[in-house]
Protein chains: 2
Amino acid sequence: MAKTRRYTQRKRAADREETRLRIVEATMALHEEVGPSATTISAIAQRAGVQRLTVYRHFPDETAVFEACTRHWLELNPPPDPAAWASHEAGQSQARAALLAFYRYYRETQRMWRAAVRDEPKVPALQEPMKSFRSQLNALGETIGKGFGGAEDSLPTTTLRHALAFTTWASLEAQGLDDEAMADLVMAWLQGVRN
Amino acid sequence: MAKTRRYTQRKRAADREETRLRIVEATMALHEEVGPSATTISAIAQRAGVQRLTVYRHFPDETAVFEACTRHWLELNPPPDPAAWASHEAGQSQARAALLAFYRYYRETQRMWRAAVRDEPKVPALQEPMKSFRSQLNALGETIGKGFGGAEDSLPTTTLRHALAFTTWASLEAQGLDDEAMADLVMAWLQGVRN
DNA sequence: AGTTAAGTGAACATGTATGTTCACTGAATG
DNA sequence: CATTCAGTGAACATACATGTTCACTTAACT
């Protein structure tokens, strides 16, 4: 048994990390362009300028690449932080600020969101993060809804939960509304459910 | 050149028609269960109790089967007819009746709708009918919106168009609302945009 | 200078789908 | 009874994806 050689990697580890990053970023790009469900390992390798085998060296299977991709994408594109409106006093302006923040976020990141929402049922690696994002949204909807005097399942809370969903943004965007107009529209809805 | 024999098919034509129908219905079932994009000709054949070649005898390719499937499904599941509310006088009850009719329709046919909406981007054969359905919905939204004193892009019209979309029904359904509750909620929204 | 290991390029086995061809069966039809 | 043809069952070529193996190059490291 030979004496173990101390082998502290520096540049090699960095190179490896860089290759890994190229793979993850190629995956992100493909997820946006063709969607996760149509993103093959072959295509990832080609896009990253790497052999297919190299991808397998870094990730055991497609699911592992996808998970790394999701993590990395969320670091680059952090969603608005609900805590930011804990400071606002409850009510109109809090609600509008939250809606606007999410609508702007959805607009910036819409390509990935469309792909993710569309392929979620088919791509197990997407389901967990999407579910957790949705439950955060629902909690936020309830928090803000309380400012409108509603309980858990009150009309304001239901309206806010619906309004905060990406699919709602997409539906209103398809009608040509900009983010401000969407927020104003939802504020008007809240006006209606209040009475 | 032999004299052409008159050969008027009767039972054979009927049998052939029945086989075709079995294929179309197998396709419908698979579209609901796994979605159009995952529905293969092999699976259709198996489900219809028919050889794969037989499917090709009836339809040149997958697109042709899908088109026949869509047509047939729409005959079996006709969407609410907008003309039905032309008789109603414009206003609250007209709007609520229309919303409720679509929500009930969506609930009955939700499996197919979810599959269709999800796979639309990937399945060209779906795009044309979906587009045409949406434009009918938009027209209806505008018609009803006028009863609320709104022009083409008024808040009531925008709200109604959004409310009539399947994705909106799905979003509210996910919150546990029944169809009546949804219709009531949207009516409250309209109350808000009116002011 | 010798060792380590990331990445290469090619091959292989496997699976699944497409679309096409062919000889055959058997019931409807004239 | 002879003909027609929808459907059968099997084969074939093609394409593309997965996951694995192998010998090789080359640069980083001690």
Side-chain angles (χ1 to χ4, degrees), chain A residues 1-27 30-31 33-68 119 122-125, chain B residues 1-27 30-31 33-68 119 122-125:
Chain A
M1 195 170 270
K3 197 190 291 183
T4 318
R5 179 170 169 177
R6 268 180 304 120
Y7 194 87
T8 314
Q9 299 189 341
R10 292 189 303 272
K11 181 163 191 306
R12 288 184 80 155
D15 285 357
R16 194 173 200 285
E17 196 48 43
E18 203 224 286
T19 301
R20 195 192 130 101
L21 188 61
R22 281 225 312 283
I23 292 170
V24 171
E25 284 178 341
T27 308
L30 286 166
H31 281 193
E33 285 170 29
V34 303
S37 77
T39 295
T40 67
I41 292 194
S42 306
I44 291 170
Q46 197 177 350
R47 180 104 185 196
V50 132
Q51 280 293 84
R52 196 162 58 88
L53 179 54
T54 303
V55 178
Y56 284 110
R57 285 262 171 81
H58 284 266
F59 303 94
D61 53 27
E62 209 169 56
T63 301
V65 196
F66 283 15
E67 278 166 3
D119 290 359
K122 263 183 206 159
V123 181
Chain B
M1 193 170 274
K3 196 188 294 182
T4 318
R5 180 170 169 178
R6 268 179 307 119
Y7 195 87
T8 314
Q9 300 188 342
R10 292 189 303 276
K11 181 163 189 307
R12 288 185 80 153
D15 286 356
R16 194 173 201 285
E17 195 49 43
E18 202 224 286
T19 300
R20 194 191 132 102
L21 188 61
R22 279 224 313 284
I23 292 169
V24 171
E25 285 179 340
T27 308
L30 287 166
H31 280 194
E33 284 169 29
V34 301
S37 78
T39 295
T40 68
I41 293 194
S42 305
I44 292 169
Q46 198 176 351
R47 179 100 183 199
V50 134
Q51 281 294 88
R52 196 163 56 91
L53 179 55
T54 303
V55 177
Y56 285 110
R57 285 263 171 81
H58 283 266
F59 303 95
D61 53 28
E62 209 169 54
T63 301
V65 196
F66 283 15
E67 278 165 3
D119 290 358
K122 265 183 205 159
V123 181

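The CD atom of A/Q46 lies 14.0 Å from the CD1 atom of A/I41; values are rounded to the nearest 0.5 Å. Here the OG1-CZ distance, from B/T54 to B/R16, works out to 9.5 Å after rounding to the nearest 0.5 Å. If you take OG1 on B/T27 and CZ on B/R22, they are separated by 12.0 Å, rounding to the nearest 0.5 Å. Note that CG of A/D15 is 10.5 Å distant from CD of A/E17, once rounded to the nearest 0.5 Å. Here the CG atom belonging to A/L53 is positioned 10.0 Å from the NE2 atom belonging to A/H58, to the nearest 0.5 angstrom.
Contacts between residues 34-49 of chain B and DNA chain C, counted as heavy-atom distances below 4.0 Å, involve B/T40, B/I41, B/S42.
No N or O donor and acceptor, one from the side chain of A/R12 and one from the base of D/dC29, sit under 3.5 Å apart. Below the 3.5 angstrom threshold, one finds a donor paired with an acceptor across the side chain of A/R52 and the base of D/dG19.
In this structure, A/E17 atom CD and D/dA28 atom P are separated by 17 Å, rounded to whole Å. B/Q51 places its CD atom 17 Å from the P atom of C/dG19, with the value rounded to the nearest Å. The CZ-C1' distance, from B/F66 to C/dT18, rounds to 13 Å in whole Å. In this structure, B/L21 places its CG atom 17 Å from P of D/dA6, rounding to the nearest Å. A/E18 has its CD atom 12 Å from the P atom of D/dA28, to the nearest Å. Note: NZ (B/K11) to C1' (D/dT4) measures 15 Å, nearest angstrom. One can place OH of B/Y56 at 21 Å from C1' of D/dC5, the figure rounded to the nearest angstrom.
Considering only side-chain N and O atoms, A/H58 lies nowhere under 4.0 angstrom from the phosphate OP1 or OP2 of C/dA6. Taking side-chain N and O atoms only, A/R16 has a distance below 4.0 Å to OP1 or OP2 of C/dA6.
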> What's the verdict on side chain to side chain contact (heavy atoms under 4.5 Å, CB included) for B/F66 and B/T39, showing C-alpha distance, side-chain angles and the deciding distance?
Replying inline: CA-CA 10 Å; B/F66 283 15; B/T39 295; 4.2 Å; yes
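Between B/R57 and B/E62, the one whose closest nucleotide on DNA chain C sits nearer the 5' end is B/E62. In terms of position on DNA chain C, the residue among A/L53 and B/D61 whose nearest nucleotide sits closer to the 5' end is A/L53.
Residue pairs that meet the salt bridge (charged side-chain N to carboxylate O under 4.0 Å, His left out) test with at least one member in residues 34-63 of chain A, sequence neighbours left out, are A/E33-A/R47.
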